[in-house]
There are 2 protein chains.
Amino acid sequence: MSSYQEILQNNNLKATHQRIAILEAIDHAGHIDVDKLFKNLRKHFPTLALGTMYRNLSEMSDKHILLEVTLPGQKVKYELKKEPHIHLVCNWCGKIEDRILDIEDKIKECEEENDFTVLDSNIVFTGLCKKCQDQKKV
Amino acid sequence: MSSYQEILQNNNLKATHQRIAILEAIDHAGHIDVDKLFKNLRKHFPTLALGTMYRNLSEMSDKHILLEVTLPGQKVKYELKKEPHIHLVCNWCGKIEDRILDIEDKIKECEEENDFTVLDSNIVFTGLCKKCQDQKKV
DNA sequence: ACTTAAATAGGAATTATTCCTATTTAAAAA
DNA sequence: TTTTTAAATAGGAATAATTCCTATTTAAGT
């Protein structure tokens, strides 16, 4: 369990207030896009520059501290990189949930059949979450 | 096997030269982003407007004629919607390949464990294609 | 051919992202 | 603790991406 400060320093990045605030805000939100993030941070950090946001989101993604979550027709969202997981996205309420799903067998299958070395995977299932299933029944 | 004209008309879209050219170009390229598509089409279609491109890519995606392929750190790419498939993306040469992979069991598993109704899936494996594996050995 | 609703071209307006540089700051050294 | 310095930031300009507007054109039904 390492602090944001440690995470940054382990990646040769100075632990600036701005970076720590960005990581805190992303961790708190779960998945968040540039605009929402910027508006949230500005409240407590009025001088934060948009360029600083873009630069840091990009740097921290390059260093695998953050992960970009891309969904068709939506702005890129950022999340803290933790254990590998898939995303469940509700078409109705838009909520994004993280779930663990073991897909080692599928990766093996894919590698053997295609002469392809899989290094990473990105899986999104879209559909209806519990709450929205229930509401649509009513 | 239906023509572009039929596909468009079945979706209540007029079969304009522009739309047919866009579909042809995407089909030919496999996966292509707005800029490359526009530059290609302009060669044979000098009056094509960028707004027309954006409008049509968006409309045809809404109608599920096209599919947006989103990969972190890259521009959105478009492909013709055909049978469901996953994407293999080579980290080294960037090539995107389509592959069939049966994941019904994983979807079932995910639905049962999470009270989530899966309607669609989007799977990307990134790694090294055959050609690039070989080249890195040398 | 005629009609008409839909689509386009072209460009303006808006939004998103990157770039530039003087100033500030984190953190290592003294 | 102060000093030093390379790295990072703020602020704004520049560029790129996308959407919007409207007069004109066109697909396709009559």
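Labels below follow one simple rule: chain letters A, B, ... track the order of the sequence lines, proteins then strands, and each chain is numbered from 1.
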* Asked: How many angstroms lie between atom CD1 of I123(B) and atom CZ of R99(B), to the nearest 0.5 angstrom?
  -> 14.5 Å
Please table the atom pairs, donor to acceptor, closer than 3.5 Å between any side-chain atom in residues 39-49 of chain A and protein atoms at least two apart or in another chain.
{"unit_1": "R42(A)", "atom_1": "NE", "unit_2": "L48(A)", "atom_2": "O", "d": "3.0"}
{"unit_1": "R42(A)", "atom_1": "NH1", "unit_2": "P46(A)", "atom_2": "O", "d": "2.7"}
{"unit_1": "R42(A)", "atom_1": "NH2", "unit_2": "L48(A)", "atom_2": "O", "d": "3.0"}

* Sequence neighbours excluded, which residues qualify as side chain to side chain donor-acceptor pair (under 3.5 Å) partners of T52(B)? -> R55(B)
* Structure fact -> Across all chains, not counting sequence neighbours, the salt bridge (charged side-chain N to carboxylate O under 4.0 Å, His left out) partners of K108(A) are none
* Structure fact -> Comparing nearest nucleotides in DNA chain D, the 5'-proximal residue of the pair Q9(B), G51(B) is G51(B)
* Asked: Partners of D98(A) by salt bridge (charged side-chain N to carboxylate O under 4.0 Å, His left out), sequence neighbours excluded?
  -> none
* Asked: So what does L48(B) hit on the nucleic acid, given a heavy-atom distance under 4.0 Å: a base, only sugar-phosphate, or nothing?
  -> sugar-phosphate
* Difference in axis direction between the ends of the helix from dA1(C)-dT30(D) to dA30(C)-dT1(D), five pairs, 10° -> 40°
* To do: Scan residues 12-23 of chain A against DNA chain D and write down, sorted by residue number, each residue with any heavy atom closer than 4.0 Å; if none is found, say none.
  => L13(A), K14(A), T16(A), Q18(A), R19(A)
* Structure fact -> Those residues at least two apart in sequence (or on a different chain) that pass side chain to side chain donor-acceptor pair (under 3.5 Å) with E109(A) are none
Compile the donor-acceptor pairs under 3.5 Å between side chains in residues 57-72 of chain B and protein atoms, sequence neighbours left out, one pair per line.
{"unit_1": "E59(B)", "atom_1": "OE1", "unit_2": "R19(B)", "atom_2": "NH2", "d": "3.0"}
{"unit_1": "S61(B)", "atom_1": "OG", "unit_2": "L57(B)", "atom_2": "O", "d": "2.7"}
{"unit_1": "K63(B)", "atom_1": "NZ", "unit_2": "N11(B)", "atom_2": "O", "d": "3.1"}
{"unit_1": "E68(B)", "atom_1": "OE1", "unit_2": "G73(A)", "atom_2": "N", "d": "2.9"}
{"unit_1": "T70(B)", "atom_1": "OG1", "unit_2": "T70(A)", "atom_2": "O", "d": "3.3"}
{"unit_1": "T70(B)", "atom_1": "OG1", "unit_2": "T70(A)", "atom_2": "OG1", "d": "3.1"}

* **Residue pairs, two or more places apart or on separate chains, that pass ring pair (Phe, Tyr, Trp, His ring centres under 6.0 Å) and touch residues 67-114 of chain A** => H31(A)-H87(A), H85(A)-H87(A)
* Structure fact -> Within residues 54-72 of chain B, the residues having a heavy atom closer than 4.0 Å to DNA chain D are Y54(B)
* Atom pair distance, as rounded to whole Å: CG in N10(B) and C1' in dA27(D) -> 16 Å
* chain A on DNA chain C: first and last contacting nucleotide, 5' to 3', under 4.0 Å to a heavy atom? -> dA16(C) to dA27(C)
* Which residues satisfy the side chain to side chain donor-acceptor pair (under 3.5 Å) test with D105(A), sequence neighbours excluded? -> K106(B)
